[in-house]
Every structure is written in structure tokens, then in C-alpha cells.
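Report on one structure; see the data block that follows.
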2 protein chains.
Amino acid sequence: MARTQGSHSDITGPRVREAALRLFARHGYAAVSMRRIAAEVGVQAGALYNYTPDKQTLLFSLLQGHMAELLDALDAAQQSGPALARLERFVHFHIGFHLNRPDAVFISYMELRNLEPAHFQVIEGLRRTYEDRLEDILRAGRAEGVFDMADTKIATLGLIAMLTGVTTWYRPGGRLSADEVAGVYWDMVRRAVAA
Amino acid sequence: MARTQGSHSDITGPRVREAALRLFARHGYAAVSMRRIAAEVGVQAGALYNYTPDKQTLLFSLLQGHMAELLDALDAAQQSGPALARLERFVHFHIGFHLNRPDAVFISYMELRNLEPAHFQVIEGLRRTYEDRLEDILRAGRAEGVFDMADTKIATLGLIAMLTGVTTWYRPGGRLSADEVAGVYWDMVRRAVAA
DNA sequence: GTCTATAGGAAGATAGAC
DNA sequence: GTCTATCTTCCTATAGAC
């Protein structure tokens, strides 16, 4: 593991981020030391500070990167058309995206409390922006008359919680493929909000 | 805060547990020191070891106590009758119980990864037992012909995730009472699994 | 860019006085 | 039952050599 002195690598930065993401997800931000991240990468602890000013900024950067990627990917998925079709696409998108990034999803929900207040505000804002995308779909469907919910805001939060929960139990190679799982969830989502 | 030497209290034990529960929920197990718990209680750090052999056992004990209470309370709620009525009771029970113990719920989901393997197995078993209670209701309803789900196991996990998510946004004194919130969720749950 | 070495502090847990 | 004091280990972050 230990690197010889003077060796270099253009990809140490990404490797630091990958190691930190995995370790934070597995053991928690506070429980993971900079030494341990460094050991995973194969450098000494001091070398990490070439890539982040401090541990807190590393966490923030990981969360911010994940949320930005999430929003970009959602926007890249087509979001026009009838609300029912938009909702189905959202369900498949959300499950597919989250199942492909279990570690990032995990720390985005678990490590919010370890962010400094200013950093927390930024991530919280991005999270709300994402929720608003789903809420827009539900409102559109209500206006179309195809959806009917007792409370649109609660429906938004409830559906996201249900869908995100898939990351707590899904394991690749299990009984169902990710797409089949999304289909099962879509069946429940559709009926939960159908008019 | 600081207690004078030689003072006593029969209730220090419960206060240690309450302080640990609140601090673990707020900042995370790994981020909270024994000194900080002690300061919250008003004793010195060494005094905590009259109530727990170590920090890890304190966490385990909190989680175990919470899960035992959850299962006892569920069993105390009547669970006979038609599946539809049982499911409605489950929804109201789950939301009511969880909204009354936000800190315990939080650490029961967040701090599992900080448990030693043997402790983790115990808590995980209790959690599955609780999930099985809901799965039984869904299976009964399917047998009765009142429920219809694409996948009963996934429905179980999906519904619990949706319901538990209420703790992430609900604040007492908000727009809706806990009971009104449960009603909104029940509306979605009912339709998600109705035949 | 990475190393070694270290400053400076905080952590979990224990010992013995009262 | 709680205190003070302390052991030992680990932590984040920095300095300066290569």
C-alpha cells in the first residue's frame, strides 16, 4: 500500500474522493480519520491536504457533487408530456440513479448533521430543489385530473422516502433487477396518487 | 452544571440515557464524546461508567430498548380483525409512535453501522420482526382479496420507508396534527395496496 | 506531490480519594 | 456515586525536506 517517496499520480485526487465516499458511507464521517482515508489511497495523511483544505470541506464537496449530478441527470431526462408519463419516468430515474450510487445517497442523507451550518444550507437547498421537481409533476397531474392526493406536499415527501428506501435493501444479483424493482415501485406509486 | 463532590442521584442513570439519546441523534454516535454526555448530565466523565461499561454498550442498550418498546407497543395495539382495519391501525400506530420518539427512531436507523457485529445482529433481528408484522397484514389482506400488490415483500419495505420518512419533516405545531398526517399517509397507503 | 515528524489537543477508559 | 487525575491512544492539521 505505502507509496515510495517522490512518486506521483494525477489521479490521487479522484482516489481520495472515492475512498472518502466509501469510508464515510460505511462507517460515518466522524468515525473515519484522515489517516484511514490516506491508508486506503496508499499515501500518508499529510498528502491528503493537497486535495482538500480540511476534512469538513471534503465531506461538503462530496455531497455537493452528488446533488449537482442528481439534478443534472434529472434535467437531462425528458420532463415534458403528460404527468402520468413524467411520474413514471421520475420513478425509474430516481431508483436507477440511487441504486447506482448507494454510497453517495447514503451519506447525503446521513451526514447532513455533520455539515457546518453554511454548508448544510447549500445541500438542503439542492435537496429541496429536487423535491420540487417531483412536486411539480404531482401538481401538473392534479391539474390534468389524472392524480388526486389528500396533500400534495406530503405525497411528494412520502413518495421520495419510499423510493429512496430501496437503497437500504437492494443488492445487485438479488431476486429482481433494478428495472424490475422500479416497476414494482411504480405500480405502488401510480395507485397511491391515481385519481 | 458541575455537581459538588459526593452528591448523589437515583435518577442519574436515566438522565445519562436521555442525554446520550439526544446527543447521538443530534450529532451522531462517533461525534459525541463521553465527556460531552457527562457535561449534559452534570457529572464528570468518569461517573458515566457507573451506568455503562463502555460507550458502545450504551448505544446498543438505547437501540435495544427502543426496538423492544416498539414491538411491545405494537403487540399491545389490537391486531385482529379484517386486514384493511389492521393496516389502518398499523399506519396510525407507526406514525404516532415514531413522531413521539424522533431521537430514538433517528439513531435506530442511523447508528446501525456503529454497532459491533454481534450487537448489530440483535437489532437487525428486532427490526425484521417488526417488518414481519406488517408483511403478515399485507399477506392476510391478499388472502382476503382486499389487497393486491405486485410484490408483498417490497410493498412492506416501501410502506415502512414511506411512513418512517414522516420523522424527517414533521414538527409539532405545524400545519397538520400528527393524527391528520397519519390520515394523509393512510390515504396513500390504502390506495397503494388496494385490490 | 509526497514524505517524515510533530505540534497541540481530545478521545475512551481506569485508579484511587472521599 | 462522584470526584480529580491520569494513562494511552488517536485525532486534525502543519512544517519543512526531498
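Numbers restart at 1 for each chain; the letters A, B, ... are given by sequence-line order, proteins then strands. Every heavy atom of this structure was used, including side-chain atoms; hydrogens, water molecules and symmetry mates were not. Everything quoted here is computed from the prediction, not taken from an experiment.
Annotation: of the two residues near DNA chain D, A:A47 and A:R36, the 5′-most nearest-nucleotide partner is A:R36. Ranked by how close their nearest DNA chain D nucleotide is to the 5' end, A:M34 and B:A45 are led by B:A45.
Between the side chain of B:H98 and the backbone N or O of B:H94 there is at least one donor-acceptor pair closer than 3.5 Å.
Side chains of A:T52 and A:R17: no donor on one and acceptor on the other come within 3.5 Å.
With D:dG1, D:dC3, D:dT14 as the choices, the nucleotide that has an atom nearest any side-chain atom of A:Y49 turns out to be D:dT14. Comparing C:dT2, C:dA13, D:dG1 by their nearest atom to the side chain of A:N50 picks out C:dT2. Set against C:dT14, C:dC3, D:dC11, the side chain of A:Q44 has C:dC3 as its closest nucleotide. The side chain of B:K55 sits closest to C:dG12 out of C:dG12, C:dT2, D:dC3.
If you run side chain to side chain contact (heavy atoms under 4.5 Å, CB included) between B:V193 and each of B:T152, B:T156, B:L87, only B:L87 comes through.
Taking atom CZ of residue B:R35 and atom C1' of nucleotide D:dC11, one finds them 13 Å apart after rounding to whole Å. One atom, CG of B:D54, and another, P of C:dA11, lie 17 Å apart when rounded to the nearest Å. Taking atom CD on B:Q56 and atom P on C:dA11, their separation rounds to 18 Å, with Å as the unit.
Dashed line: the shortest gap from a side-chain N or O of A:T12 to OP1 or OP2 of C:dT2 is under 4.0 Å. Listed pair B:S33 / C:dA11 meets the phosphate criterion, a side-chain N or O lying under 4.0 Å from OP1 or OP2. Of the side-chain N and O atoms in A:Y51, one or more sit less than 4.0 angstrom from OP1 or OP2 of C:dT2.
Between B:Y185 and B:W169, the ring planes are parallel. Angles under 30° get that label, and only those over 60° would be called perpendicular.
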